[in-house]
Protein chains: 2
Amino acid sequence: MAGLREQKKQETKAAIMDAAITLFGERGYENTSIAALARAAGVGKGTIYSYFSSKSDILLAFSEEELACLHLELQQKIPVNALLEEKLLLIFMYEFRYITKNKEFGRTLMREMIFPKALAREKSQEIEEQFIQLFVLIFKEAQEKGQLRQDIELTMTCGHFYALYLMALSAWYSGRLLSEEDVRNALQVMFSQALVGLKPKSEIEKS
Amino acid sequence: MAGLREQKKQETKAAIMDAAITLFGERGYENTSIAALARAAGVGKGTIYSYFSSKSDILLAFSEEELACLHLELQQKIPVNALLEEKLLLIFMYEFRYITKNKEFGRTLMREMIFPKALAREKSQEIEEQFIQLFVLIFKEAQEKGQLRQDIELTMTCGHFYALYLMALSAWYSGRLLSEEDVRNALQVMFSQALVGLKPKSEIEKS
DNA sequence: AATGAAAAATGACTACGGTCAAGTTTTGCT
DNA sequence: AGCAAAACTTGACCGTAGTCATTTTTCATT
């Protein structure tokens with residue numbers, strides 16, 4: 001019978017993911033042991049490691065699903081006629097709120113996303129890729145409207161804004177920014193600086 | 001006899017730090033267990049935890065010392081008359097080379113620096129503070145020479161460039177940038193974009 | 001010098017992430 | 001159906017970070 005094996009594998013993997021969604025949601029990532037996860041999924045501990053390469057790999061898989069939802073939801077909430085800066089702020093604050101809903105969870109996820117171990121590289125890149133897709137349309141549109149330079153690759157522009165978001169997130173985790181409002185303000189300021197440039201206007205004209 | 005106790009405490013702490021410098025240097029952070037550290041320092045395992053709050057706390061203390069050296073060395077290597085962009089590139093590439101000399105070590109350090117746990121916050125901020133001091137003089141000078149806007153706080157400017165450095169570092173850890181040269185080039189491009197701005201010139205003039 | 005209280009050191013212990021040799025199930029083949 | 005190879009599962013086991021009740025050392029007081 002072709003596919004019995006494959007089907008069972010899918011089921012097992014789904015059971016693990018379901019257990020992860022439940023337990024991570026209930027008690028958070030750090031407080032969920034692999035043993036508990038295995039118990040909840042109805043499999044042995046070792047089985048988990050034939051579907052995921054490490055505990056953080058499960059976190060990444062979990063987040064990939066959750067974030068896909070989030071981004072879909074987000075795509076519909078972006079007002080078409082808003083300014084570029086407003087759109088960016090909306091996206092990043094949405095992301096910020098999700099990531100920091102559970103502080104420990106968010107920290108572990110970001111650590112794995114930004115400084116991934118060799119084993120987790122692939123998944124972290126997929127998530128990032130997904131996130132970047134959100135921006136491509138927005139940036140293309142902005143370029144067409146003449147609100148963004150056309151001589152810069154979109155991935156560069158993306159990277160630039162994402163870097164600033166990271167900085168703000170880090171500042172929040174370090175306690176230099178305390179509230180959501182602080183983060184929003186910091187982002188707003190940094191974004192407009194990035195757009196206009198850090199050089200004085202007189203200097204820019206020279207080049 | 002006043003201070004015997006205090007003196008011994010200093011000695012014990014120094015012994016732990018020395019052991020850390022030796023063992024982390026020899027086998028790296030991940031391959032050094034607390035038990036081994038305790039053995040090398042000639043103390044019990046528990047003792048280490050009355051001087052440091054966690055393993056990563058030791059890493060941070062270790063790095064604080066090492067980086068202080070590095071930054072002192074660096075301060076003398078910065079050519080006075082170089083362009084702002086060249087100076088920045090020099091500093092960040094120096095830092096990059098140090099951090100990535102041992103990949104695992106650097107990853108753990110950066111994870112702890114950028115997304116610190118509550119316990120390690122203080123030390124990670126001190127290291128960052130130390131790093132920022134490197135820039136203050138350079139930026140002040142640049143402002144005086146009219147190469148940087150004066151209506152932006154220096155800490156903001158710092159944060160902006162540091163964010164871009166982080167992005168490059170992350171890209172290296174994710175495998176999107178492969179060599180030191182790639183990182184240098186990426187930084188160079190992003191820095192000049194940050195200085196000139198991401199908006200087209202025509203748009204900037206309007207504001 | 002003797003003593004008891006306070007500070008510091010200790011290592012057996014716990015809980016966890018991850019491994020792997022042994023056991024179980026599925027599959028293709030005769 | 002019977003069988004052997006391949007794929008999959010399992011939990012006892014390992015090494016490690018971090019804890020804590022107990023023991024040892026220091027210090028002030030008499």
Side-chain angles (χ1 to χ4, degrees), chain A residues 1-17 19-20 23-24 27-62 104-105 107-109 111-112 116-120 123, chain B residues 1-17 19-20 23-24 27-62 104-105 107-109 111-112 116-120 123:
Chain A
M1 191 184 312
L4 200 175
R5 181 162 257 162
E6 197 55 34
Q7 188 195 324
K8 275 209 172 178
K9 267 171 66 175
Q10 296 303 322
E11 279 171 21
T12 306
K13 183 157 191 179
I16 298 172
M17 287 290 299
L23 295 187
F24 289 172
R27 345 174 183 165
Y29 174 76
E30 312 264 4
N31 295 319
T32 303
S33 71
I34 296 286
L37 212 52
R39 221 176 304 125
V43 299
K45 223 173 95 166
T47 305
I48 291 190
Y49 284 91
S50 61
Y51 288 89
F52 300 93
S53 63
S54 67
K55 194 184 177 186
S56 49
D57 192 41
I58 305 174
L59 181 76
L60 255 38
F62 167 81
E104 306 305 315
F105 169 90
R107 179 181 19 244
T108 313
L109 176 59
R111 283 181 173 199
E112 215 55 59
K117 291 197 183 136
L119 284 170
K123 250 179 209 136
Chain B
M1 192 183 310
L4 200 173
R5 181 167 259 162
E6 196 55 34
Q7 188 194 325
K8 276 211 173 180
K9 266 171 64 175
Q10 295 304 322
E11 281 171 18
T12 306
K13 183 157 189 178
I16 297 172
M17 286 292 298
L23 293 188
F24 287 174
R27 344 175 185 165
Y29 174 77
E30 311 264 4
N31 295 318
T32 304
S33 72
I34 296 287
L37 213 52
R39 222 176 303 123
V43 300
K45 222 173 99 167
T47 305
I48 290 190
Y49 284 91
S50 60
Y51 289 89
F52 299 93
S53 63
S54 67
K55 193 183 176 187
S56 50
D57 192 41
I58 305 175
L59 181 75
L60 255 38
F62 167 81
E104 305 308 311
F105 169 91
R107 176 176 27 240
T108 313
L109 176 59
R111 283 181 172 197
E112 214 57 59
K117 290 197 183 134
L119 284 170
K123 249 176 211 140

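Everything numeric in this text was worked out from a predicted model, so none of it was measured. Reminder, nothing fancy here: chain letters follow the sequence lines and each chain counts from 1.
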Can you check the [X] [atom1] to [N] [atom2] distance for me, whole Å?
| X | N | atom1 | atom2 | result |
| --- | --- | --- | --- | --- |
| Ile58(B) | dG18(D) | CD1 | C1' | 11 Å |
| Lys45(B) | dT16(D) | NZ | P | 9 Å |
| Glu11(A) | dT9(D) | CD | P | 11 Å |
| Arg39(A) | dC16(C) | CZ | P | 9 Å |
| Ile16(B) | dT10(C) | CD1 | P | 9 Å |
| Lys9(A) | dA7(D) | NZ | P | 10 Å |
| Glu112(B) | dA17(D) | CD | C1' | 14 Å |
| Lys13(B) | dA8(C) | NZ | P | 13 Å |

If you look at every strand shown and take non-hydrogen atoms under 4.0 Å, does [X] touch a base, only sugar-phosphate, or nothing?
| X | answer |
| --- | --- |
| Thr32(A) | sugar-phosphate |
| Thr47(B) | base |
| Tyr51(A) | sugar-phosphate |

Nearest of [options] to any side-chain atom of [X]?
| X | options | result |
| --- | --- | --- |
| Ser50(B) | dT19(D), dA9(C), dG17(C) | dA9(C) |
| Val43(A) | dT10(D), dG17(C), dA17(D) | dT10(D) |
| Tyr49(B) | dG18(D), dT19(C), dC8(D) | dG18(D) |

(request) Identify the heavy atoms of Thr32(A) and Gly28(A) that sit nearest to each other, and give their distance. (result)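 In this case the closest contact between Thr32(A) and Gly28(A) is OG1-O, 2.7 Å.
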(request) Taking all heavy atoms of Leu23(A) and all of Ala40(A), pick out the closest pair and write down the distance. (result)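 Minimum heavy-atom contact is CD1-CB, 3.8 Å.
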(request) Please tell me which of Ala35(A) and Gly46(A) maps to the more 5' nucleotide of DNA chain C, matching each residue to the nucleotide holding its nearest heavy atom. (result)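 The residue whose closest nucleotide sits nearer the 5' end is Ala35(A).
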(message) Check this one for me: any side-chain N or O of Lys8(B) less than 4.0 Å away from OP1 or OP2 of dA8(C)?
(response)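 No, no such contact exists.
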(message) I want to check one thing: is the phosphate of dA9(C), taken as OP1 and OP2, less than 4.0 Å away from some side-chain N or O of Thr12(B)?
(response)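 True: Thr12(B) side-chain N/O within range (under 4.0 Å) of dA9(C) OP1/OP2.
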(message) Between dG18(D) and Lys55(B), counting only base atoms on the nucleotide and side-chain atoms on the residue, is there a donor-acceptor pair under 3.5 Å?
(response)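 No such pair is found, so the answer is no.
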(request) Flag this pair as yes if the NZ/CZ of Lys13(A) is under 6.0 angstrom from the six-membered ring centre of Phe52(A) and inside a 45 degree cone about the axis; otherwise no. (result)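 Geometry flag: set, cation within 6.0 Å and 45°.
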(request) May I ask you to say whether Arg107(B) pairs ionically with Glu104(B), meaning some side-chain N is under 4.0 Å from a carboxylate O? (result)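 Yes, Arg107(B) and Glu104(B) are salt-bridged.
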(request) Determine, step by step, whether Tyr49(A) and Ile34(A) satisfy the side-chain contact (heavy atoms from CB on, under 4.5 Å) criterion, reporting the C-alpha distance in whole Å, the side-chain angles of both residues, the deciding distance to 0.1 Å, and the verdict. (result) CA-CA 10 Å; Tyr49(A) 284 91; Ile34(A) 296 286; 3.6 Å; yes
